[in-house]
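First comes the structure, then the notes that go with it.
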There are 2 protein chains.
Amino acid sequence: MGQKAQAIRQRIVAAADQLFYQRGYEHTSFSDIADAVGISRGNFYYHFKTKDEILNAVIDIRVDQIQRMLDAWTYEYSDPQQRILLFIDILTNNQESIKSHGCPIGSLCTELAKLSHEMLQEANVMLAVMRDWLTDQFRALGMGADARKIAMHLLARTQGIATITNAFEDQQFLRQEVKRLRQWLDEMIAQYAN
Amino acid sequence: MGQKAQAIRQRIVAAADQLFYQRGYEHTSFSDIADAVGISRGNFYYHFKTKDEILNAVIDIRVDQIQRMLDAWTYEYSDPQQRILLFIDILTNNQESIKSHGCPIGSLCTELAKLSHEMLQEANVMLAVMRDWLTDQFRALGMGADARKIAMHLLARTQGIATITNAFEDQQFLRQEVKRLRQWLDEMIAQYAN
DNA sequence: ACAGAACTAGGACAAATGTCCTAATATTTG
DNA sequence: CAAATATTAGGACATTTGTCCTAGTTCTGT
């Protein structure tokens, strides 16, 4: 595979990434992606043999993007609380798209579970990466053995907020829950500070 | 429409209800439902003209079932806290299916949002019915103007738990979060008891 | 300039989909 | 019993799907 194919491949994955988020995996066809990229449908086969292969590539770059984002936060901020607040702010920063399409990660996992698709195992790595990073932060805040459970709790809270915001198409709810989440974090930290 | 058609119609809706939950709406075909009911695919048209019509019927009976369940709880128990605990216990009582297929309500709303399906508006009535009932309970516990927001919060918590339980296929997580939810309810009530 | 590799367009293919028609069979009603 | 109505099975229909092939074009290194 030469440079050109590499570039096309990236454009395909980027287009698929967006379309899978907006329309769902199954509801996005080869034609949709080919149209978005501007290549013929037949030519698709040269770059990706199967639809699953595209899904795999999309999940891979998503995991990579998440990991890089978290690494950057770890590098730029030293205060764990500050870092967790950045995580919570993902919701606020993406409230429009969450309202329209939910959480890109959670909704993909939900769909793959319905399809009994084996790649759910790869998809939930996206969540696992965040869980582990959050666990580190909570541990640094002195929550020791509870850190992982608290991280999972926060993960679930964000998923719930995204689902309800999406179902009711209500950004106002998202903002109100983010406030609650911030308050919860404060209380949690205070509680473990003793 | 005679009695026989009425009965078949109910069986179709029941089968569609289950299949939509297990496989998702779009991923369930006319054939799937027809096979499950034991009628020919062509005959389907006599009972339902379009797929949307089946979806509508499924949502209707789900709303009805939810409403009847909540009414029964209101009738059988007088303590609002007890009633809310019954709501929370939905999670525990359905942990196997939630692990495999998520929340039937939340996952349907998520799918319909992806399909840009107008019937999302009807689907989220399922959530709205629970929200309103929960609001009544929290109000009865003295939470006044906050009752509705607290009800929405609980709704989101359950959705998040279902999504994560499903994504990680982890019932253990569900149980641990239910405990947290019970504890939260206790604290909430204590807080407003003053 | 030229050979080989990289890349592309267009369409073929079977399978599945939602929708719809029709002719036949049950069931109800007068 | 007979006529009208309700219900059914089977298949037609066009469309879309993922997959795959082939013949052509563009690029790259020599």
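In what follows, chains are A, B, ... by sequence order, proteins preceding strands, each numbered from 1.
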task = Kindly say if B/Y46 contacts the phosphate of D/dT8, meaning a side-chain N or O under 4.0 Å from OP1 or OP2.
result = no
note = A/F48 CZ to C/dT8 P, in whole Å, measures 13 Å
note = When rounded to whole Å, the CD1 to P distance for the pair A/I8 and D/dT26 reads 15 Å
message = So which atom in A/W133 and which in A/L70 form the shortest heavy-atom distance, rounded to 0.1 Å?
response = NE1-O, 3.4 Å
key: Length of the CZ-C1' vector between A/R11 and C/dC7, whole Å   = 13 Å
message = Just by distance, no angles: are the side chains of B/N124 and A/E169 close enough, under 3.5 Å, to form a donor-acceptor pair?
response = no
note = From CG of A/D35 across to P of C/dG10 the rounded distance in Å is 12 Å
ask   = Can A/D79 and A/R83 be counted as an ion pair, charged N to O under 4.0 angstrom?
value = no
inquiry  = A cation-pi test, strictly: NZ or CZ of A/K51 under 6.0 Å from the centre of the six-membered ring of A/Y25 and no more than 45 degrees from its axis. Yes or no?
reply    = yes
note = With B for base contact, S for sugar-phosphate-only contact and - for none (protein heavy atoms under 4.0 Å), nucleotides 14-24 of chain C reads ---BBBBB---
query = Is the closest basic N to carboxylate O distance between A/R180 and A/E177 below 4.0 Å?
reply = yes
ask   = Under 6.0 Å from the NZ atom of B/K179, do we count more than 12 heavy atoms belonging to anything else shown?
value = no
Separation of D/dT17 P from A/R23 CZ (nearest whole Å) = 10 Å
query = Between A/H47 and C/dT8, does any side-chain N or O lie under 4.0 Å from OP1 or OP2?
reply = yes
message = Expressed as a whole number of angstroms, how long is the span from A/L115:CG to D/dG18:C1'?
response = 15 Å
